[in-house]
Amino acid sequence: MSDVSWGDYNNDGYLDFVIMGLNEDFERIVKVYKNNGNGNFEVQDQFVFTGVQAGSIDWGDFNNDGFLDLIFNGQYFVESATTLETTIYTNNGGNSFSELLNQNFKETTWGEADWGDINNDGYLDFVLTGWVQSKGEVSTTLYLNNTNETFSQMVDSLTHVGYGSTSWGDYDNDLDLDLLLTGLYASSAETSEIYKNNETTPNFRPNVIINLQTEIIGNDVTFSWDEATDNNQPSAGLNYNIYVYEEGNDSTYIASPQAFPYNHPLNGKRLIAKRGQIQGVRQDGRVSYMLKGVFEECKTYYWSVQAIDASFVGGEFAPEQFFKLPDIIFPEIECRTDTTIILLEEETLYIAGTEFDLLNYSDNCDSVSIINNYNNADSLVGETFPIGTTTVTWTVTDEAGNQTQCSFDVEIKEFVGVDELTENEILIYPNPADDVITIKVLDSYSKEYQISIYNFNGEKIYSEEVCSNDFKIQTQLFSIGLYLCVISQNGQIISSEKFIVEH
């Protein structure tokens, strides 16, 4: 029989664990594994405990100094003889453990040691069950914490059991811990029993925590708050429970409340009977706790925290706070390329459609604005462009203020008729054309020139770099209509001619 238990023994904000039982070499061990905060755990061999099996182990801060102590019971062998053990080890600030000596606890095996504040004084007591000799009698014993690092055996009439389990919980909601136990008693008789706690000392819920703050570094968030207070327990002995959820999704928690949340009428009432998992990093009256890499940029998160006392009673959650990870990623955008448009014969300016709008944009968050410098709007549809060159600059700004820009030139040229060309004329035949047209440059060029075809909406539908005096173009894909062929060299128009396509 072996056992394990989670607990942040060194108060660094990361849950560690302890194990007890037989290892692969059949050696009896009790080992603490430290959480390194990077997904790895490291055994702490400097902590030397009596190795046991066939028992239980549990964390609990019995002396209210803010550091988790250990209690365990079980058996080991000395010279082939069975030896029983029930021991408490005091945590000396996360760096070492010391055995609590001269306590005269019953030494048990095949049972359980379980922390819980029986008498509402704010200090952890414990119940101990199991066999007190290898094949003899069984025992169930309550030990009261004397608040001075000693314990006294409590006179009770609990059924003695072994081979069983115990659990504390307030089943009748009177703010004291009742006991559930199960196991074997006598020879092989079985029992499961609930014992009501008749303690008359009132227990007070921990007070509401104040001054909640967050610190965000990348995708890691450190939560912090003022150390909690309680009317019948020292602050150092309190532990904590935090919940976090994404805005609009309060049915799914990133960190579970384990209690009714702030906006519920039963705010803070625990749903499970156990201490809070958070010991927290404690310094100068503040407690902090980090969650690493679980949050996404651009999303808003809400959170709150409660304190939990030695009777597993939770205080009310503080009023919810919210935070949002800063967006450090800039938008990505795709502009048009530089564009030249030749006006029709009767036109003096160009009316834009969507051809000058952004091709594409993306961002990890929602974009706040898309704007251009020409009309200060998110589209250029319907805008007029005069003859000449206009530089269009698009700016995309996300909700965090990150901006990305891109620019391109729009060149609008006047219509150039054939009668305005003085030399370097071109011939296009047949005109009207059917499936193929031939473009013949009358002047011989030694350098490469460009042929561009425009429809009479001013859109360039064809472009080719040419080094020949005769050049053929397949026109099957052209629509029926009037077109303009422009010959240019080094960016300068040297000739143009109109032609008609008829299929």
Side-chain angles (χ1 to χ4, degrees), residues 3 5 7 18 20 30 49-50 52 54-65 67-75 83-91 97-133 137-170 176-183 185 193-201 203 232-234 237 273-275 309-312:
D3 198 13
S5 183
V18 63
M20 57 85 69
V30 171
F49 307 103
T50 301
V52 294
S56 70
I57 193 163
D58 195 19
W59 296 103
D61 182 12
F62 80 89
N63 55 3
N64 284 337
D65 65 351
F67 289 90
L68 292 176
D69 312 300
L70 272 176
I71 188 171
F72 58 84
N73 68 324
Q75 63 178 254
T83 300
L84 306 187
E85 181 86 7
T86 298
T87 307
I88 292 175
Y89 280 86
T90 302
N91 185 338
F97 289 82
S98 300
E99 184 177 356
L100 191 65
L101 302 174
N102 303 318
Q103 296 300 300
N104 296 319
F105 300 136
K106 289 184 179 180
E107 295 172 332
T108 65
T109 187
W110 299 108
E112 188 165 7
D114 198 4
W115 295 111
D117 181 9
I118 301 171
N119 57 356
N120 286 343
D121 65 352
Y123 284 81
L124 285 174
D125 315 297
F126 68 94
V127 61
L128 179 67
T129 66
W131 294 91
V132 295
Q133 51 188 1
E137 64 184 54
V138 292
S139 172
T140 298
T141 308
L142 296 175
Y143 288 90
L144 290 179
N145 189 332
N146 297 322
T147 75
N148 60 358
E149 300 202 351
T150 65
F151 289 81
S152 299
Q153 183 174 331
M154 182 178 177
V155 177
D156 60 75
S157 58
L158 302 180
T159 300
H160 299 301
V161 297
Y163 295 120
S165 181
T166 60
S167 183
W168 295 103
D170 182 14
D176 57 32
L177 288 177
D178 310 301
L179 179 64
L180 171 66
L181 67 82
T182 184
Y185 71 100
E193 301 173 357
I194 294 177
Y195 287 88
K196 174 178 169 57
N197 189 340
N198 295 317
E199 176 62 44
T200 59
T201 302
N203 182 31
N232 64 332
Q233 181 168 350
K274 62 187 297 186
R275 63 180 175 82
D309 68 14
S311 298
F312 309 144

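Predicted model only: the values in this text are computed from it and were never measured.
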State whether the side chain of [X] and the backbone N or O of [Y] hold a donor-acceptor pair below 3.5 Å, judged by distance alone.
X	Y	value
N91	L68	yes
T109	A54	yes
D69	F62	yes

Enter the distance from [X]:[atom1] to [Y]:[atom2] here, rounded to the nearest 0.5 Å.
X	Y	atom1	atom2	value
Y143	Q103	OH	CD	10.0 Å
N119	M154	CG	CE	8.0 Å
T166	W115	OG1	CH2	12.5 Å
W168	F312	CH2	CZ	9.0 Å
N148	Y123	CG	OH	9.5 Å
L158	L142	CG	CG	5.0 Å

Validation row: [X], [Y] side chains within 4.5 angstrom (heavy atoms):
X	Y	answer
N198	K196	yes
D176	N203	no
Y195	D156	no
L128	N73	yes
F49	L70	yes
S56	D114	no

Legend entry - Which residues share a side-chain hydrogen bond (donor to acceptor under 3.5 Å, both in side chains) with S157, sequence neighbours left out: none
Looking at every non-hydrogen atom in both residues, tell me the closest pair between [X] and [Y] and how far apart they are.
X	Y	value
Y89	T50	OH-N, 3.4 Å
D3	G55	CB-O, 4.1 Å
T86	E107	OG1-CA, 3.5 Å
L177	S311	CD2-O, 3.1 Å
S139	K106	OG-NZ, 3.1 Å
N64	G237	OD1-CA, 3.2 Å

Inset, instruction - Would you confirm whether the ring centroid of F105 sits within less than 6.0 angstrom of the ring centroid of F126? - result: yes
Inset, instruction - For N104, look at atom CG and say whether over 12 heavy atoms of other residues, nucleotides or ligands are found less than 6.0 Å away. - result: no
Legend entry - From D58, V18, V52, residue fulfilling side chain to side chain contact (heavy atoms under 4.5 Å, CB included) relative to F72: V52
Inset, instruction - Would you tell me whether E112 and T129 have side-chain atoms, one donor and one acceptor, within less than 3.5 Å of each other? - result: no
Inset, instruction - May I ask you to check whether T201 and D121 show a side-chain donor-acceptor distance below 3.5 Å? - result: no
Inset, instruction - Starting from the C-alpha separation in whole Å, work towards a yes-or-no answer on side-chain contact (heavy atoms from CB on, under 4.5 Å) for W110 and L84. - result: CA-CA 10 Å; W110 299 108; L84 306 187; over 6 Å; no
Legend entry - side-chain contact (heavy atoms from CB on, under 4.5 Å) assessment of N197 paired with I118: CA-CA 8 Å; N197 189 340; I118 301 171; 4.1 Å; yes
Legend entry - Partner set under salt bridge (Lys or Arg N to Asp or Glu O under 4.0 Å) for K274, not counting sequence neighbours: none
Inset, instruction - Could you check V127 against T141 for side-chain contact (heavy atoms from CB on, under 4.5 Å), going step by step and ending with a plain yes or no? - result: CA-CA 6 Å; V127 61; T141 308; over 6 Å; no
Inset, instruction - Run the numbers on V30 and E85 for side-chain contact (heavy atoms from CB on, under 4.5 Å), then give the verdict. - result: CA-CA 12 Å; V30 171; E85 181 86 7; over 6 Å; no
Inset, instruction - Among T159, T182, T140, find the one that has a side chain to side chain donor-acceptor pair (under 3.5 Å) with E193. - result: T159
